[in-house]
Amino acid sequence: MKLVMRRTLAAIAAGAALASGVTLEAGPVLAQGKVLRFVQNGNLTILDPIWTTAYVTRNHGYLIYDTLFASDENNAVKPQMVDKYEVSPDKTVWTFTLRDGLEWHDGKPVTSEDCIASIQRWGKRDTMGIKFMDFVKEYKAVDAKTFQIVLKEPYGLVLDSLGKPSSNVPFMMPKAVAETDAFKQIDSQIGSGPFIYQKSESKPGERHVYLKNLKYTPRSEAASGLAGGKVVKVDRVEIIEMPDTQQQVNALIAGEIDLIEQPPHDLIPVLKKAKGVQLVSWNPLGHQFIIRFNHMVKPLDNPKIRMAVLLAMRQEDYLKATVGEPEYYKLCTAAFVCGTPNAFDVAGGLLVKPDFEKAKALLKEAGYDGTPLVVMQTTTLPVLTNTAPVTKALLEQAGFKVDIQSMDFQTMATRRTKMDPAETGGWNILHTFAVAADILNPISDAFMAAQGDKSLWGWPNDPEMEKLRDAYAREIDPAKARALAGAVQARAIETAQYGWLGQWYGPGAARTSVTGWVKAPVPVLWNIEKK
């Protein structure tokens, strides 16, 4: 393929500087070996990783915040900000002591009260956090570095919750920031993590700038997944906003950027042939496509109509249209990811073999009146762009009318939080994807929560599902827990809570001068260096 260079990154930066009156910086800090330029899979406009589940915001969070615990490359939970912890004999009192050297970017020490406030705010928004909070009786700040979480009864997922790897992540924030209403966005970017956000140099739509936190004290262990020592080996990170995927690839080949989080699959052959470029499998567990229904508004408040949607699904159509190469996808009817302990196949061909006639019969039985389903389509996240047209084609064969409404990802991320009727600015169906590490069990999988308006957008309300999820959370026998995971999946199918549309994989791309990209469910930028 012949590559046609468009505007270069240098031209973009220079133009932005002239437009804003900013003088481009010079000096050692901008030496190529000290600056890491990274293109994410979408633009970063929301900076509060508790307010939104957007992965680009989660990535921002990992740069500037830290976590009490973190999962390593084997998904084992390890202490991060915590130095040591103890559990009472009856398993209801958990005592945590912070390690030495933890400091906010403004120079103030990290305290127990900061951590308690951060956990409480996270617990009001995150699905796993909400379930955890159901078991919490109280918090106690023992001293400046030690705090306790007192439970009403034993809970088997305390560390898994505090070490949750992906959206929403329980990032620690200063108490004054963490006390912000969980349903309002924070206006501070002060964390204690390995990078410091430079608001004055950042401009959404163009770039976000981070400097190495010279006062950050990494753990002594080697980096492993999201755990271990977060050793920063560059002086500066620039997240470059570059929506055009061909431009991203051209810029990487030209050496104008260093990393692409998720190059589109159709351009991977170009990258394989390019000099000075490597493909990096930074997330080997992969991702899962999701079709999400709005249970709050008609007509998908009717479970029979939701089931008619599921009966029209064919995973391979989505995977071919979005990923293309079978090397990078897998048909999988297991909600909790094929190849993992809680994987169960769905019987009867559902999700892989459509039954349009049965879907039509259900629509007639449910009294579907032909109201078009409003399907939101994101146009700025390439791996999702083709999902809505596939859904339209399948649903029309099942007797539905479909109205695709296109928008950029951040607009969709905001609109999906609205509970308005679809015809007045709300929605019926959206497509997204989950990092596999987020959905390995019934509690971490936010799409399985069915607590009404406490649930993830879509807001299913099913007390029976919540009984099953509670039972899973309490169960300590692995075999019984696995059986409960199967029951949760079966209940999600029975009520047509949502649909999972297959697994897919995608490497990141980097210059060959870049080394140390850690394998994790998140594209973290510590441990990376440029030779």
Side-chain angles (χ1 to χ4, degrees), residues 45-46 51-54 124-125 127 130 181-185 289-313 359-360 362-381 384-385 387-433 446-463 465-466 492 494-501:
T45 58
I46 300 170
W51 189 86
T52 182
T53 58
K124 292 174 183 175
R125 293 302 302 263
T127 303
I130 290 169
D181 184 334
F183 292 87
K184 294 181 180 179
Q185 294 185 47
F289 281 124
I290 301 291
I291 184 168
R292 187 68 167 170
F293 309 138
N294 188 340
H295 292 236
M296 297 285 279
V297 302
K298 294 184 179 302
L300 295 184
D301 58 337
N302 186 324
K304 290 183 179 179
I305 296 179
R306 295 197 302 270
M307 181 55 74
V309 175
L310 289 188
L311 285 166
M313 297 294 95
K360 290 176 182 176
L362 265 182
L363 289 183
K364 184 176 180 180
E365 184 181 332
Y368 173 62
D369 62 3
T371 300
L373 297 181
V374 172
V375 178
M376 294 197 292
Q377 177 192 29
T378 175
T379 56
T380 56
L381 200 53
L384 288 179
T385 299
T387 52
V390 171
T391 291
K392 178 179 171 66
L394 291 170
L395 291 187
E396 287 177 345
Q397 292 181 72
F400 285 97
K401 291 184 178 179
V402 178
D403 175 18
I404 291 181
Q405 297 185 10
S406 302
M407 62 204 75
D408 63 79
F409 177 78
Q410 293 300 337
T411 298
M412 189 191 79
T414 299
R415 183 170 169 179
R416 71 189 179 188
T417 65
K418 295 182 178 180
M419 298 182 183
D420 304 319
E423 64 271 17
T424 59
W427 58 281
N428 296 121
I429 289 176
L430 64 80
H431 302 85
T432 188
F433 65 86
F447 300 101
M448 285 297 181
Q451 294 176 288
D453 60 6
K454 289 184 178 180
S455 301
L456 193 65
W457 22 264
W459 310 285
N461 188 6
D462 182 10
M465 173 63 89
E466 288 309 301
E494 180 184 354
T495 63
Q497 187 161 312
Y498 73 102
W500 40 98
L501 302 176

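Nothing here was measured: the structure is a model prediction, and the numbers come from that model.
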Quiz item: Can M313 and I291 be said to form a side-chain contact (heavy atoms from CB on, under 4.5 Å), step by step?
Solution: CA-CA 10 Å; M313 297 294 95; I291 184 168; 4.0 Å; yes
Quiz item: Run the side-chain contact (heavy atoms from CB on, under 4.5 Å) check on W457 and T432 step by step: do they pass?
Solution: CA-CA 12 Å; W457 22 264; T432 188; 4.0 Å; yes
Quiz prompt | Intermediate values then yes/no, side-chain contact (heavy atoms from CB on, under 4.5 Å), D462 and E494 | solution = CA-CA 11 Å; D462 182 10; E494 180 184 354; over 6 Å; no
Quiz prompt | Considering all heavy atoms, the nearest T379-S406 contact | solution = CG2-CB, 3.8 Å
Quiz item: Say you draw a straight line from CG of D301 to CZ of R306; how long is it, rounded to the nearest 0.5 Å?
Solution: 7.5 Å
Exercise. For T385 and T378, indicate whether the former's side chain and the latter's backbone hold a donor-acceptor pair under 3.5 Å.
Key: yes
Exercise. Sorted by first residue and then second, give each ring-ring contact (aromatic ring centres under 6.0 Å, His included) pair with at least one member in residues 407-428; sequence neighbours left out.
Key: none
Quiz prompt | Spacing of CG belonging to L373 relative to NZ belonging to K392, to within rounding of 0.5 Å | solution = 10.5 Å
Quiz item: Can you tell me how far the CE atom of M412 sits from the OG1 atom of T414, to the nearest 0.5 Å?
Solution: 10.0 Å
Practice problem: Of all the heavy-atom pairs spanning E466 and A450, show the shortest one and how long it is. | Solution: OE2-N, 2.7 Å
Practice problem: Supply the atom-to-atom distance Q451 CD to M465 CE, rounded to the nearest 0.5 angstrom. | Solution: 11.0 Å
Quiz prompt | Under 3.5 Å donor-acceptor, N461 side chain and D453 backbone | solution = no
Quiz item: Given side chains that start at C-beta, do those of V297 and D420 come closer than 4.5 Å, heavy atoms only?
Solution: no
Quiz item: With a 4.5 Å limit on heavy-atom distance, are the side chains of F400 and I429 in contact?
Solution: no
Quiz item: Side chains of Q410 and T52: does their closest heavy-atom pair fall under 4.5 Å?
Solution: no
Practice problem: Could you pull out the closest heavy-atom pair between A312 and L395, with the gap in Å? | Solution: CB-CD2, 3.9 Å
Exercise. Supply the atom-to-atom distance R292 CZ to L430 CG, rounded to the nearest 0.5 angstrom.
Key: 8.0 Å
Practice problem: Could you pull out the closest heavy-atom pair between I130 and K454, with the gap in Å? | Solution: CD1-O, 3.0 Å
Exercise. Could you check if a side-chain atom of H431 sits within less than 4.5 angstrom of a side-chain atom of V375, using non-hydrogen atoms only?
Key: yes
Quiz item: Does atom NZ of K360 have more than 12 heavy-atom neighbours from other groups under 6.0 Å away?
Solution: yes
Self-check item: Considering all heavy atoms, the nearest A366-I305 contact
Solution: CB-CG1, 3.7 Å
Exercise. Would you please name every residue forming a side-chain contact (heavy atoms from CB on, under 4.5 Å) with T371, sequence neighbours left out?
Key: D369
Quiz prompt | Smallest separation among heavy atoms of W459 and K418, with atom names | solution = CH2-O, 3.3 Å
Quiz item: Got a donor-acceptor contact below 3.5 angstrom from the H295 side chain to the Q497 backbone?
Solution: yes
Self-check item: Euclidean distance, M407 CE relative to R415 CZ, rounded to 0.5 Å
Solution: 4.5 Å
Practice problem: Check for a donor-acceptor pair, side chain of N428 on one end and backbone N or O of V374 on the other, with a separation under 3.5 Å. | Solution: yes
